[in-house]
Amino acid sequence: MENLWIGGDRVAPASGQYTALIDPATGQEWARVAAGNAADIDQAVQVAHQVKADWRRVNSRDRTQMLNRLALLIRDHLDSLATLESRNTGKPIREAREEVNLAADCFEYYAGAINKVGGQTIPVAAAGTSFTWREPVGVCGLIAPWNFPIAITAWKVAPALAMGNTVVLKPASQTPLTALRLAELAIAAGIPAGVLNVVPGSGSEAGEALVKHPLVRKVSFTGSTTIGTHVMQLAAEDIKRVTLELGGKSANLIFADADLDKAVLKAMWSVLGNAGQDCCARSRVLVERPIYAEFVERLTAAFQTLKIGQPLDEATEIGCLISAQHRDRVAEYIQLGQTEGATLVWGGGRPVSDELATGAYLVPAIFADVHPEMRIAQAEIFGPVVCVLPFETEAAAIAIANNSVYGLSGSIWTQDISRALRVARAIETGVLSINTGHSVHLEAPFGGVKRSGLGRELGLAVLEHYSELKSVFIAE
Ligand code: NAD
Ligand code: MN
């Protein structure tokens, strides 16, 4: 039984309630986790509030060393953390290992930023000296999703701690385990008790209580646009700072002059990584008409070689989805696409294998002849489903790409550098990649426009969201 983590200790939930975690690969219960509620959130926030002043006083060298030690401890526990993550989410163990490493990289990056980011002196007109201090915001309420649990937790916790804030983290109710381990490792790294607290629980109870708590000064939320909208409304009550990383329906634009061998493989992986449960999934592939038929054919051939298998199997390329319920929701979209008149070229069913019969598996699906207005071309399906749409001109490709309420990421494939830059400027997203499918470099800012979010994570850009600028003037 997993308890809450408050003030450097395992704490039983106020309600006495525990919820079952279901292994998505078997459908069997495999762990029980405390269901935190508003009382637990209040306790955790009070503790984070109490230690806030002490944590702020820790000097920059000591804080840097603590975050670096945490990164090393994460690497020391790479195998156990990756295994836990893989079992919990159903993602391939190889992907889980990369994400645990990314979490360690993230703590190292922000450890290094601590003594390099500060305020300014400003040449004001008045006689005297004007300068700014970059101060911590205070207690930060961090809310994480289930798709990349430890990685996204690190994206939030590392910069929050680096800037001298204290934290109450609410992991996704499905995936609380690696966050709880991380909090234990933080104590081993020398980070004082109470600086990082973890309260697993439902979004509607624990999550909402965290967003509403008057002692929480900042909320950083990653999840769906629907819940993000609600979080922003709740945060408005007392003008809490909010960062939102929300949904996406990103476009991958492939022009006829693209390196097709590369483009096909990357197009596949930039939608199928984490079985498509990725906010950055390029789930709309827009292909220039002269190469459309060939592209669909080659993409289908590539999908046919995918190794769908058990998450912990080293050879597995596509694991299972987060739950049977989510698999069924994705399957409904596959049904809908056919009803809407798109052509299901490949996949979409359950794999035929006794070994995979009880898990939340789905064979990745390709839809061709998709019209931009179809619901499968508009909704974030959040599963292994790709829509391939033809386009005739550069202007049409841009219009289709921007025909979305979302604006997170996207890719452009062409050998023509001028066109690449022209199209990159015209696409309404926060992140773009040219001739690759990459979304995340932890040194560079990451985030969305339109309904994909507010603010930026990663890079030095996020530090601004975990600090307040105080402007001080000394008269001479
Ligand atoms: P979700 O919105 O259902 O839940 C996200 C988190 O919010 C969970 O911890 C959940 O418990 C909590 N929550 C739910 N209701 C709440 C409430 N009323 N108040 C406060 N917290 C609440 O999202 P999900 O299903 O866990 O994750 C999938 C979604 O996340 C997708 O839309 C995906 O695009 C998005 N996502 C975005 C990014 C990004 O960086 N832009 C990254 C990963 C995932
Ligand atoms: Mn959800």
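In listed order, ligands and their atoms are each counted from 1. Computed from a predicted structure; not experimentally measured.
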Which ligand 1 atoms are under 4.0 Å away from a heavy-atom of [X]?
{"X": "G247", "result": "32 (O), 34 (O)"}
{"X": "I152", "result": "42 (C), 43 (C)"}
{"X": "A144", "result": "6 (C), 8 (C), 9 (O)"}
{"X": "L408", "result": "41 (N)"}
{"X": "C279", "result": "33 (C), 34 (O), 36 (N), 37 (C), 38 (C), 39 (C), 40 (O), 41 (N), 42 (C), 43 (C), 44 (C)"}
{"X": "A172", "result": "8 (C), 9 (O)"}
{"X": "H230", "result": "18 (N)"}
{"X": "G207", "result": "19 (N), 20 (C), 21 (N)"}

Under a 3.5 Å distance rule, please check whether [X] uses its side chain to pair with a backbone N or O of [Y] as donor and acceptor.
{"X": "D369", "Y": "A342", "value": "no"}
{"X": "T229", "Y": "T225", "value": "yes"}
{"X": "N197", "Y": "V167", "value": "yes"}

Compute the minimum heavy-atom distance from F148 to ligand 1 and say whether it is under 4.0 Å.
no

Could you establish whether P171 and ligand 1 come within less than 4.0 Å of each other, counting only heavy atoms on the residue side?
yes

Part of [X] within contact of ligand 1 (heavy atoms, under 4.0 Å):
{"X": "Q174", "value": "neither"}
{"X": "N147", "value": "side chain"}
{"X": "L234", "value": "neither"}

Purely on distance, is any nitrogen or oxygen of [X] under 3.5 Å from one on ligand 1?
{"X": "P145", "answer": "no"}
{"X": "K170", "answer": "yes"}
{"X": "T225", "answer": "no"}
{"X": "W146", "answer": "yes"}
{"X": "S224", "answer": "yes"}
{"X": "E380", "answer": "yes"}

Provide the closest heavy-atom pair for [X] versus [Y] in the form atom of the first, atom of the second, distance.
{"X": "A267", "Y": "I254", "answer": "CB-CD1, 4.3 Å"}
{"X": "A401", "Y": "L253", "answer": "CB-CD1, 4.0 Å"}
{"X": "V449", "Y": "R456", "answer": "CG1-NH2, 3.8 Å"}
{"X": "D40", "Y": "V199", "answer": "CB-CG1, 4.1 Å"}

R63 charged N/C atom sitting above W55 aromatic ring, 6.0 Å / 45°:
yes

Just by distance, with hydrogens left out, do S86 and K91 show a side-chain donor and acceptor under 3.5 Å apart?
no

Does either side chain, that of E208 or that of H230, offer a donor lying less than 3.5 Å from an acceptor on the other one?
yes

Within a 6.0 Å radius of atom NZ on K266, are there more than 12 heavy atoms belonging to other residues, nucleotides or ligands?
no

Do other residues, nucleotides or ligands put more than 12 heavy atoms under 6.0 Å from R327 CZ?
yes

Check: of I143, I227, T222, min heavy-atom distance to atom 5 (C) of ligand 1 comes from T222

Out of S202, S173, G203, who gets a non-hydrogen atom closest to atom 22 (C) of ligand 1?
G203

Only distances under 3.5 Å count here; give the side-chain donor-acceptor pairs of residues 11-19 to other protein atoms, sequence neighbours excluded, each with its distance to 0.1 Å.
| residue | atom | partner | partner atom | Å |
| --- | --- | --- | --- | --- |
| S15 | OG | Q17 | N | 3.0 |
| Y18 | OH | N3 | OD1 | 2.5 |
| T19 | OG1 | V33 | O | 3.3 |

